[in-house]
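Both ligands and their constituent atoms are indexed starting at 1 by order of listing. What you see below is based on every heavy atom in this structure, not just the backbone, and it leaves out hydrogens, waters and symmetry mates.
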Amino acid sequence: MIVLPGSASKRLAVSLSEQLGCPLAKVESKPFPDGERYVRVDSDLMGKTVIIVQNTYPDEKLVELFILQDAVREFKDTRIVTVIPYFGYARQDKVFKPGETIAARTMAKRIQSASDQVILIDIHAPTIADWFDVPCKSVSSMADIAEYLKDKEVDAILAPDKGALARAGEVAKELGVDFDHMEKTRVDGFTVSMKPKDLDVSGKRVVIVDDIIATGGTIIKATEHLKANGAKEVWAACTHGLFTNDAVPRLDAVLDRLIATDTLESESTKLSVAPSIVRALED
Ligand code: R5P
């Protein structure tokens, strides 16, 4: 077994190779002057199971993944496991208007054509895993988030909406604390209030858990309402810290702590999802 790092996921690839106790392939990857990508694998991959770790976001990283997969196929008798820490296009998982297509499915079909197995992490819509015709596992990173939060005196876990409740429950169960989801109530024609459905958060250190933080709008709103409901401290923990539209400074202004995993690398990356990937590979 050998881990092959794509340029979008180097840090996670290193953690994965350390935890699996297997080598890291050498890859030369650079842009041509016109922006196209050059890739060369400088390790012998013949006869090996090659774990390619690469995000498919932004688009140029998706193109790099295609080239990496084919570069690996040039070596005889390889088995390719494509690990996609952050699967770009995952939020385009439905058709809303005639003439559209499901872009997430488009990506799945292309990626699988050069994979023997695919591993996704906290995929936005679980149905995406079914669009791969090769074995595909969708791995939850909630155990890694719970491990990070252990011994940090967290009182409760909150989901920003009902759809994220199962994730919050996974973390809360590991920590042995309460969990709940935020619920919106219309106060009048202009005002919507938001509060935990059943849980009293006053005086508590609460952690909002979500799969993605993009613009930060969801977390900022939930944080403001939790503080208005008396929470002592509000932290946010997400798997994928996309952080678009200058999200980090706006989140820092309201949150007491911001935590993201290494599926996307940023200053807020505080923990690795490598242990969950290792468990999925060993399954
Ligand atoms: C929604 O279904 C997701 O779980 C996230 O809550 C959402 O993508 C976060 O987006 P934003 O940070 O832009 O509010």
Notebook entry, point to check: Nearest protein heavy atom to atom 9 (C) of ligand 1, by residue and atom, and its distance?
Noted result: Ile212 O, 3.5 Å

Item checked: Closest approach of any protein heavy atom to atom 2 (O) of ligand 1, naming residue and atom -> His124 CE1, 3.3 Å

Next item on the list: Flag the pair Pro23 / Ile2 as yes when at least one side-chain heavy-atom distance between them is below 4.5 Å, and no otherwise.
Entry: yes

Note to self: Side chain, backbone, both or neither: which applies to Thr215 and ligand 1 if a contact is any heavy-atom pair less than 4.0 Å apart?
What the structure shows: both

Check: Of all the atoms in ligand 1, which lie at a distance below 4.0 Å from a heavy atom belonging to Arg91?
Finding: 8 (O)

Margin query: I need the atoms of ligand 1 closer than 4.0 Å to a non-hydrogen atom of Gly217, numbered in the order shown.
Written below: 12 (O), 14 (O)

Note to self: For atom 6 (O) of ligand 1, tell me which residue out of Thr218, Ile208, Asp210, Asp161 has the closest non-hydrogen atom.
What the structure shows: Asp210

Margin query: Counting only heavy atoms, tell me which of Asp211, Leu242, Leu251 gets closest to atom 4 (O) of ligand 1.
Written below: Asp211

State plainly whether the residues [X] and [Y] are in salt-bridge range, i.e. N to O under 4.0 Å.
X	Y	result
Asp42	Arg40	yes
Asp256	Lys227	yes
Glu100	Lys97	no
Asp116	Arg73	yes

Check: Checking side-chain hydrogen bond (donor to acceptor under 3.5 Å, both in side chains) against Thr239, which of Asp262, Asp122, Thr261 comes through?
Finding: Asp122

Check: Does any N/O atom on Ile219 come nearer than 3.5 Å to any N/O atom on ligand 1?
Finding: no

Next item on the list: Compute the minimum heavy-atom distance from Gly216 to ligand 1 and say whether it is under 4.0 Å.
Entry: yes

Next item on the list: Start with the C-alpha gap between Glu28 and Lys30, add the side-chain angles, then the distance that decides, and say whether salt bridge (Lys or Arg N to Asp or Glu O under 4.0 Å) holds.
Entry: CA-CA 7 Å; Glu28 191 185 347; Lys30 60 185 182 191; 3.4 Å; yes

